[in-house]
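Both backbone and side-chain heavy atoms feed into the values below; hydrogens, waters and symmetry mates do not. Naming convention: chains lettered A, B, ... in sequence-line order (proteins, then strands); numbering from 1 in each chain.
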Amino acid sequence: MKTVEKTLQNLVKEALAKAFDHEAEEVHIEVPGDRTHGDYATNVALTLASVFRKNPLKIAQDIVEELPACDTVEKVEVKPPGFINFFIDKSVLLGVVKDILTKGRDYGKGEKKSGHINIEYVSANPTGSLHVGHARGAAAGDALARIMKKAGFRVTREFYVNDGGNQIEALAQSIAARYAQLFQREAEIPADGYHGKEIKEIAARIKAEHGDRFLEEDGREHFRTFGVGHLMRNMQEDLAAFRVAFDVFASESTLYEKGEVEKTLETLKNAGFTYEKDGALFLRTTLKGDEKDRVIVKSDKTYTYLLPDIAYHKNKLERGYDKLVDILGGDHHGYIPRLKAGVEMVTGKKGVLEIDILQMVRVLQNGEELKLSKRSGKAITLRDLIDAVGTDAVRYFFAQHSLNTHMDLDLDLAIRQSNENPVYYAQYAHARICSIFRKAEEKGLDFDLSFENFRTLSGEKTFDLVERLAWYPTLIQEAAQKRIFHKIPAYIHRLAQSLHSFYGAVIVLSENKRERSERLMLLEAVRIVIADALALVGVDAPEKM
RNA sequence: GUUCCGGUAGCUCAGCAGGACAGAGCAACAGCCUCCUAAGCUGUAGGUCGGGGGUUCGAAUCCCCCCCGGAACGCCA
């Protein structure tokens, strides 16, 4: 079924062509907040006023005069300063209910788009547990991936494991120190080491398995691999509990083993993008818009992190993706120009890499800021959050806020208010509908969900619901294309609100079977969309609360 | 000093490819369960959209300057 917006867009385009000989590529259709302004409206006349240098009101009138006749549109109005308001035929509007019942959870799915997108998120170093910042990235990336898939994009979700480099060495040394301490040996965690309690756990496990073996022989290799393995498993468990999944875990050390980092270095050198200075090798990232050139090989001949990162992105592209999306923390924003520059040099293509920055989450407890630091081990972990607040509430909380927002997460408040979290409002709407169906069974009220046309559905509350339902496919496309997942919770909230309001005004389980059935059809459609939308942001839709 | 984000109701945040009276949640106030779950509904109150210029018929939204807060500016990752 074609959406009403599409139909209207086409009508307006036709009218524009006839009236002004004007080709409009984009006609913006919106749902007015005020019902008296129609079911749908467009501001084309306003936007064209400056182009045509004419009174927008006049333009709107001219458009309306050339508007082709159509069964969908019942009435058209022009309102100052130049809006065109459409009143849609009620039976057409109600058609969406049937459409949803037919398609089920496929309702809102977009047409298959060409191209394959790789979206990378979390990518936490395996040197400790996932903390609150990672939680935000995880919630964002996972929601985006689900939304984009729903919208018709082909998406692969990826986690980059930084299992090479200095921080892993520091991890091994930290484990070594904890291990030695278990045998009452004097040992200190190095300055750049990690103090989290999970490091102690790792040391204890190694002791349980190998006893004092590594007091004599060098255990660093084992500490490294066991430590990384253990921490990765922990992260994956936490992510699973947070309902965040990945298709690919890509490893940095594998890139080294396969010589891809070397190869990338050669490619960059051969292309003439590098030069030596002060014993180091610089990459001319300024050629591609960076503010200064960056070292990729240090004077001690080791690499900076930029080189393997370029190699990694090159590797992603070689695996066949057409577009790469990285979701990075705000502390990496300065890193964007040089990474993009490197990727451009190595691929010769501009714009294949897009980076979304998520701002930091400030955690407050007792009104005071908790400084997060993995090294000190004083972080609030994702696991802590899930245990204290719950996956549904945390996922919804993060999903509500745009990536750009600097968020304050007041832990006490979050825990105390977990019962009045907006997520429950939406979940309750879903549970409420389920409950009505249960009630119908209990009371032995039969119903039929297969009517093709509606005879009894009417009223403002009904059409509030219907119009919101009809908007869902458009919402999915917008959220996916602009990568703004926070539209979804906003939509969910409005839909739930309409449902609760409907519930308060209408007795669904009417004595009349036809009436009862039609209302249940409407509710089932609402239930499907709420459940689907909640799933897009990783939240469950309970049948009972 | 430079770059990136943010500054909207008491609090947390939407709205920002310019447009119809600036919205939601929480908090506040007043009502609503003999009726399908009151984790709900109905209504009220609450805002110089950080400040100042500019562009426009029209600016929370676009441009410039300034102020405040966060972050980043490394041959660390």
(request) For B:rG15 versus B:rC75, give the span between their C1' atoms, rounded off to a whole number of Å. (result) 46 Å
(message) Any base atoms under 4.0 Å from A:Ser402, or only sugar-phosphate, or nothing? Heavy atoms, all strands.
(response) sugar-phosphate
(request) For the side chain of A:Tyr503, starting at C-beta, report the closest nucleotide among B:rG25, B:rG70, B:rU37. (result) B:rU37
(message) Say we look at B:rG7 and B:rC16: how far apart would their P atoms be, to the nearest angstrom?
(response) 13 Å
(request) Check whether any side-chain N or O of A:Gln9 sits under 3.5 Å from a backbone N or O of A:Val27 as a donor-acceptor pair, and report yes or no. (result) yes
(request) Using heavy atoms to find the nearest nucleotide of RNA chain B for A:Ala490 and A:Ile436 separately, return the residue whose nucleotide is more 5′. (result) A:Ala490
(request) Return the nearest nucleotide to the side chain of A:Met407; candidates are B:rC5, B:rC36, B:rC13. (result) B:rC13
(request) With C1' as the reference atom in both, quote the distance from B:rC29 to B:rA45 in angstrom, rounded to an integer. (result) 7 Å
(request) Kindly write out the residues that satisfy salt bridge (charged side-chain N to carboxylate O under 4.0 Å, His left out) with A:Glu543, not counting sequence neighbours, or none if the list is empty. (result) none
(message) Taking B:rC68 as the reference, what is the distance to B:rC62 when you measure between their C1' atoms (whole Å, please)?
(response) 23 Å
(request) Kindly write out the residues that satisfy side-chain contact (heavy atoms from CB on, under 4.5 Å) with A:His28, not counting sequence neighbours, or none if the list is empty. (result) A:Glu30, A:Asn43
(message) If you compare all heavy atoms of A:Pro308 against all heavy atoms of A:Tyr303, which two are closest, and at what distance to 0.1 Å?
(response) CD-CB, 4.4 Å
(request) Look at all strands and tell whether A:Val506 reaches a base, only sugar-phosphate, or nothing, counting heavy atoms closer than 4.0 Å. (result) base
(message) With the six-membered base ring of B:rA77 as reference, does the ring of A:His332 sit under 5.5 Å away with planes under 30° apart?
(response) yes
At a cut-off of 3.5 Å, list every protein nitrogen or oxygen paired with a nitrogen or oxygen from nucleotides 28-34 of chain B, distance to 0.1 Å.
none

(request) Look at the rings of A:Trp471 and A:Tyr40 and say which category their plane angle falls in: under 30° parallel, 30 to 60° tilted, over 60° perpendicular. (result) tilted
(message) Under 4.0 Å, counting only non-hydrogen atoms across every strand here, what does A:His406 touch: a base, just sugar-phosphate, or nothing?
(response) base
(message) With rounding to the closest Å, how many angstrom separate the C1' atoms on B:rU44 and B:rA27?
(response) 15 Å
(message) Looking at A:Ala280, is its backbone amide N or carbonyl O close enough to the side chain of A:Asp278 to form a donor-acceptor pair, meaning the two atoms are under 3.5 Å apart?
(response) no
(message) Suppose you measure atom P in B:rG50 against the same atom in B:rC11; what distance do you get, rounded to whole Å?
(response) 14 Å
Please tabulate, for side-chain N and O atoms in residues 330-345 of chain A, each donor-acceptor pair with protein atoms closer than 3.5 Å (sequence neighbours left out).
from     : atom 1 : to       : atom 2 : distance (Å)
A:Tyr335 : OH     : A:Asp309 : OD2    : 2.4
A:Arg338 : NH1    : A:Tyr305 : OH     : 3.1
A:Arg338 : NH2    : A:Gly334 : O      : 3.4

(request) Stems involving RNA chain B: give each as a range paired with a range, ordered by first number, where a stem means at least three consecutive Watson-Crick or G-U wobble pairs under 3.5 Å. (result) B:1-7 with B:67-73, B:10-13 with B:23-26, B:28-32 with B:40-44, B:50-54 with B:62-66
(message) If the condition is side-chain contact (heavy atoms from CB on, under 4.5 Å), which residues does A:Ala429 pass it with, not counting sequence neighbours?
(response) A:Ala496, A:Leu499, A:His500, A:Ile530
(request) Look at A:Arg468 together with A:Asp464 and state whether they make a salt bridge at an N to O cut-off of under 4.0 Å. (result) no
(request) With sequence neighbours left out, write down each residue that passes salt bridge (charged side-chain N to carboxylate O under 4.0 Å, His left out) with A:Arg516, or none if nothing qualifies. (result) A:Asp446
(request) Measure the shortest side-chain to side-chain distance between A:Leu495 and A:Leu469 over non-hydrogen atoms and say whether it is less than 4.5 angstrom. (result) yes
Which pairs, protein N/O on one side and nucleotides 41-44 of chain B N/O on the other, fall under 3.5 Å?
from   : atom 1 : to       : atom 2 : distance (Å)
B:rC41 : OP1    : A:Tyr425 : OH     : 2.4
B:rU42 : OP1    : A:Ser501 : OG     : 2.9

(message) Measuring to OP1 and OP2 of B:rG6, would you say a side-chain N or O of A:Asn404 lies under 4.0 angstrom away?
(response) yes
(message) A:Arg362 vs A:Asp408, test: salt bridge (charged side-chain N to carboxylate O under 4.0 Å, His left out). Steps then yes/no.
(response) CA-CA 5 Å; A:Arg362 203 162 55 140; A:Asp408 280 351; 3.0 Å; yes
(request) Considering only atom P, compute the distance from B:rA60 to B:rA22 and round it to an integer number of Å. (result) 9 Å
(request) Rounded to the nearest angstrom, tell me the gap between atom CZ in A:Arg338 and atom P in B:rA72. (result) 13 Å
(request) If a protein heavy atom is under 4.0 Å from the base, mark B; if only from the sugar-phosphate, S; if neither, -; do that for nucleotides 57-63 of chain B going 5' to 3'. (result) -------
(request) Measure from the ring centre of A:Phe83 to the centre of the six-membered ring in the base of B:rA20, then say whether that distance is under 5.5 Å and the planes meet at under 30°. (result) yes
(request) Consider the side chain of A:Asp331, meaning its heavy atoms from C-beta on, and name the nucleotide among B:rA72, B:rA20, B:rA39 that approaches it most closely. (result) B:rA72
(message) Can you identify which nucleotide, out of B:rC36, B:rG19, B:rG25, has its nearest atom closest to the A:Ser435 side chain?
(response) B:rC36
(message) Looking only at the side chain of A:His486 (C-beta and beyond, no hydrogens), which of the listed nucleotides B:rG25, B:rA20, B:rG15 gets closest?
(response) B:rG15
(request) Specify the residue among A:Glu478 and A:His333 whose closest nucleotide of RNA chain B lies further upstream toward the 5′ end. (result) A:His333
(request) Could you check which of B:rU37, B:rC76, B:rC36 has an atom nearest any side-chain atom of A:Lys298? (result) B:rC76
(message) For A:Thr302, give me all partners under side-chain contact (heavy atoms from CB on, under 4.5 Å), at least two apart in sequence or on another chain.
(response) A:Lys298, A:Asp300
(message) Ring-plane angle category for A:Phe159 and A:Phe249, please: parallel below 30°, perpendicular beyond 60°, tilted otherwise.
(response) tilted
(message) Distance check, P atoms only: B:rG23 and B:rA9, in whole angstrom units.
(response) 14 Å
(message) Once salt bridge (Lys or Arg N to Asp or Glu O under 4.0 Å) is applied, what residue pairs with a partner in residues 129-140 of chain A remain, sequence neighbours excluded?
(response) none
(message) From C-beta outward on A:Asn85, which listed nucleotide comes closest to its side chain: B:rC75, B:rA20, B:rU37?
(response) B:rA20
(request) Have a look at B:rC33 and give me syn or anti from its glycosidic angle (syn if within 90° of zero). (result) syn
(message) Applying a 4.0 Å non-hydrogen cut-off, can you work out what A:Ala429 is touching in the nucleic acid: base, sugar-phosphate, or nothing?
(response) nothing
(message) Among B:rC76, B:rC13, B:rA20, which nucleotide has an atom closest to any side-chain atom of A:Asp408?
(response) B:rC13
(message) Categorize A:Gly330 for me: base, sugar-phosphate, or nothing, with a 4.0 angstrom heavy-atom threshold over every strand shown.
(response) sugar-phosphate
(request) Identify which nucleotide among B:rA24, B:rG6, B:rA20 has an atom closest to any side-chain atom of A:His37, counting heavy atoms from C-beta outward. (result) B:rA20
(request) Taking side-chain contact (heavy atoms from CB on, under 4.5 Å) as the test, write out the residues that go with A:Gln477, two or more places apart. (result) A:Lys113, A:Ala151, A:Gln481
(request) Give A:Tyr303 one of three labels, base, sugar-phosphate or nothing, depending on what nucleic acid heavy atoms sit under 4.0 Å from its own. (result) sugar-phosphate
(request) Would you kindly check whether a donor in the side chain of A:Tyr305 faces an acceptor in the base of B:rA77, or vice versa, at under 3.5 angstrom? (result) yes
(request) Using a strict cut-off of less than 4.0 Å between a Lys/Arg side-chain nitrogen and an Asp/Glu carboxylate oxygen, indicate whether A:Glu441 and A:Arg438 qualify as a salt bridge. (result) no
(message) Can you identify which nucleotide, out of B:rC36, B:rG25, B:rG69, has its nearest atom closest to the A:Ile507 side chain?
(response) B:rC36
(request) Examine B:rU2: is either OP1 or OP2 under 4.0 Å from a nitrogen or oxygen in the side chain of A:Lys292? Give yes or no. (result) no
